[in-house]
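Please read the structure below before turning to the comments.
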Amino acid sequence: MTQSLLNNVSTLKETASQTAGPYVHIGLAPKEAGFDIFEKNFTNVLAKPGTAGERITIEGRVIDGSGTPVRDVLLELWQANAAGRYNHPADTQNKPLDPDFRGWGRACSDFETGLYRFDTVKPGAVEGRNGRLMAPHVNLWIVARGINIGLSTRMYFSDETDANSKDPVLNLIEWEVRRKTLIGQREQRGTQVVYTFDIRLQGEGETVFFDI
Amino acid sequence: MTETNVRAAEYIQRDWTAHPPAYTPGYKTSVLRSPKNALISLQNSLSEITGPVFSSDELGPLDHDLIMNYAKTGLPIGERIIVHGFVRDEHGRPVKNALVEVWQANAGGRYRHKKDQYIAPIDPNFGGCGRMLTDANGYYYYRTIKPGPYPWRNKVNDWRPAHIHYSLSGDGIAQRLITQMYFEGDPLIPTCPILRSIPNEEAIRALIAPQDTQAFIALDSRAYRFDITLRGARATLFENRVVGAQS
């Protein structure tokens with residue numbers, strides 16, 4: 001049979017990714033670039049005064065293959081509300097939506113320290129594929145100069161040992177030693193609950209990234 | 001089969017041959033910022049097929065007009081252009097209500113950013129960013145000044161072709177994309193290390209916007225057309241779970 005008799009279903013090709021570059025702040029967080037242009041800005045504060053759930057901070061650094069913090073990174077966080085439901089029409093789980101919670105935010109690492117931070121609430125567990133419950137987690141997307149295509153990962157919570165041990169996604173990671181790269185470590189700082197989550201782009205302790 | 005069996009769509013597996021790999025030594029910054037391990041492939045769950053939904057009341061009336069949205073004492077300097085196009089998925093379906101965010105250098109190739117030290121001057125009347133939502137047909141448009149090329153530290157005499165950065169948020173976070181649009185005929189395109197990080201000529205061509213003479217505004221602005229394709233969703237038509245059985 002000749003090769004020319006093989007027909008292909010025609011689809012469009014996804015547009016190629018390109019790096020966000022060093023000046024990503026101009027477009028996605030102009031105040032960080034050093035100027036004020038939009039009336040309303042997207043921020044790293046997801047929790048509003050009326051939002052239901054435990055107030056938490058997620059904080060950490062993105063670290064390159066030399067061990068140096070990346071200080072020009074932008075992260076986006078997407079999560080379910082405290083009841084475990086995403087604020088999106090495709091989520092039809094029988095759980096309440098929270099009118100005071102979108103579940104999405106955007107943060108930039110500090111230009112000096114490299115620290116990023118989100119102020120949010122702890123999400124509830126969400127139903128995974130075929131009805132298997134996923135442990136509570138937040139979804140993170142990371143872009144920066146030198147990152148050619150945005151990196152997707154998840155942060156799970158250190159105080160959810162039991163749920164984490166049954167999580168279908170964590171269990172998909174063949175190397176148990178790598179699963180711990182996805183666990184944010186809980187600590188109490190005064191009245192604040194902080195989860196520390198460092199993301200290692202390369203080398204020892206490299207964070208697990210997903211093809212989603 | 002009833003409609004209730006049709007569940008929210010998951011996305012077709014990404015075609016990685018259309019994208020730059022993480023490690024592209026010609027673009028030096030990628031060397032220490034590229035994961036070495038293989039990505040773990042996930043079948044989509046609610047976490048990936050959902051994403052933030054944006055509404056027009058979050059945007060201002062001039063957010064898509066880069067000529068006017070930072071004009072302080074007069075109009076910005078440079079060539080006036082319209083950029084427009086459609087955001088579709090891999091099946092050619094329009095992606096409605098997608099958030100399109102753009103940013104760019106000014107006509108001299110200088111960014112309004114505290115870390116940009118290039119000698120070309122800041123334009124006091126140009127911010128360099130804009131944003132808009134696609135309409136029911138996936139259509140978007142904005143007005144701006146054509147950006148200039150500029151030098152950057154990669155090799156010592158590397159120059160970026162003129163480009164506009166794009167960020168796209170579609171229906172689910174699995175569609176999230178950042179890219180750059182280039183201008184037809186720019187002689188810096190063939191040697192750009194960032195463009196050359198893409199191993200596929202067809203994919204590179206798709207980032208080069210042709211001039212669109214029919215969309216010119218007479219005695220005012222030229223126009224470029226830039227269509228964008230995000231990942232396509234498929235319907236999950238069948239469930240494998242037996243109702244009442246232990247999962």
Side-chain angles (χ1 to χ4, degrees), chain A residues 11-28 30 33-35 37-40 64-66 70 78 86-88 90-91 102-104 126-132 134 137 139 141 143-151 169 172-173 201-202 206 208-212, chain B residues 8 15 18-20 22 24 29-30 32-37 39-43 45-53 58 60 63 69-70 88 90-92 101-103 111-115 127-129 165 167 173-174 176-180 194 197-198 203 206-207 228-229 231 240-241 247:
Chain A
T11 51
L12 300 173
K13 288 267 189 210
E14 186 187 10
T15 300
S17 173
Q18 291 267 264
T19 179
Y23 308 125
V24 59
H25 318 88
I26 296 173
L28 304 191
F35 67 109
I37 183 164
F38 299 136
E39 202 176 305
K40 294 181 182 171
D64 76 12
S66 77
V70 178
W78 171 243
Y86 286 105
N87 191 351
H88 186 279
D91 187 342
R102 169 190 251 169
W104 179 80
V126 174
E127 191 179 301
R129 292 180 70 89
N130 295 312
R132 282 184 72 187
M134 297 188 283
H137 64 277
N139 306 286
W141 182 75
V143 292
R145 174 172 69 104
I147 295 178
N148 287 329
I149 181 162
L151 297 167
V169 168
L172 200 62
I173 302 164
L201 296 178
Q202 189 189 86
E206 184 179 300
V208 168
F209 298 105
F210 295 109
D211 176 8
I212 61 171
Chain B
D15 177 2
H19 294 287
T24 50
T29 316
S30 75
L32 283 173
R33 295 184 172 193
S34 42
K36 292 237 192 307
N37 285 282
L39 301 177
I40 305 286
S41 292
L42 291 189
Q43 287 178 287
S45 70
L46 278 176
S47 294
E48 292 79 32
I49 67 168
T50 57
V53 179
E58 295 178 88
D63 283 8
N69 69 11
Y70 204 76
R88 298 161 302 185
E90 288 166 291
H91 306 297
E101 295 165 288
V102 295
W103 68 100
Y111 285 95
R112 181 175 289 280
H113 190 288
K114 56 189 177 193
K115 296 284 179 192
C129 59
H165 296 266
S167 161
I173 60 166
R176 194 80 181 78
L177 183 73
I178 278 189
T179 189
Q180 302 180 28
I194 288 179
S197 69
I198 302 169
L207 297 182
I228 294 157
T229 305
R231 285 172 66 191
N240 287 321
R241 189 163 41 143
S247 61

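The sequence lines fix the lettering, A, B, ..., with proteins before strands; numbering per chain opens at 1. All heavy atoms count here, side chains included; hydrogens, waters and symmetry mates do not.
- Using a 4.5 Å cut-off between heavy atoms, B/Ile194 contacts chain A through both its backbone and its side chain.
- For B/Leu207, the part lying near chain A is the side chain, with the backbone staying farther off; criterion is any non-hydrogen pair under 4.5 Å.
- Residue A/Ile26 touches chain B through both its backbone and its side chain, counting heavy-atom pairs closer than 4.5 Å.
- Legend: residues meeting side-chain hydrogen bond (donor to acceptor under 3.5 Å, both in side chains) with B/Ser47, ordered by chain and number and at least two apart, are A/Tyr86, A/His137.
- In this structure, chain B has a heavy atom under 4.5 Å from the side chain of A/Asn139, while its backbone stays farther away.
- Without hydrogens or angle criteria, B/Ser41 side chain to A/Asp211 main chain gives no donor-acceptor distance under 3.5 Å.
- Crowding of A/Lys13 atom NZ: a count of heavy atoms from other residues, nucleotides or ligands under 6.0 Å not exceeding 12.
- Residue contact with chain A, scored on non-hydrogen atoms closer than 4.5 Å, involves the backbone and the side chain of B/Ala174 alike.
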| Checking side chain to side chain contact (heavy atoms under 4.5 Å, CB included) for the pair A/Gln202/B/Leu32: CA distance, chi angles, key distance, verdict? | CA-CA 7 Å; A/Gln202 189 189 86; B/Leu32 283 173; 3.6 Å; yes

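- Interface remark: B/Ser197 contributes side-chain atoms only to the contact with chain A (heavy atom separation under 4.5 Å).
- Under the salt bridge (Lys or Arg N to Asp or Glu O under 4.0 Å) criterion, A/Arg102 pairs with B/Glu58, sequence neighbours left out.
- Taking the six-membered ring where the residue is Trp, B/Tyr70 and A/Phe35 present perpendicular rings, their angle passing 60° and hence far from 30°.
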| task | Evaluate the side chain to side chain contact (heavy atoms under 4.5 Å, CB included) criterion for residues A/Gln18 and B/Ile198: first the C-alpha distance (whole Å), next the side-chain angles of each, then the deciding distance (0.1 Å), finally the verdict. | result | CA-CA 8 Å; A/Gln18 291 267 264; B/Ile198 302 169; 3.4 Å; yes

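- Per-residue counts of heavy-atom pairs under 4.5 Å with chain B were compared for A/Ile173, A/Thr15, A/Thr11, A/Leu151; the largest is that of A/Thr15.
- Within the 4.5 angstrom heavy-atom criterion, only backbone atoms of B/Val102 (N, CA, C, O) approach chain A.
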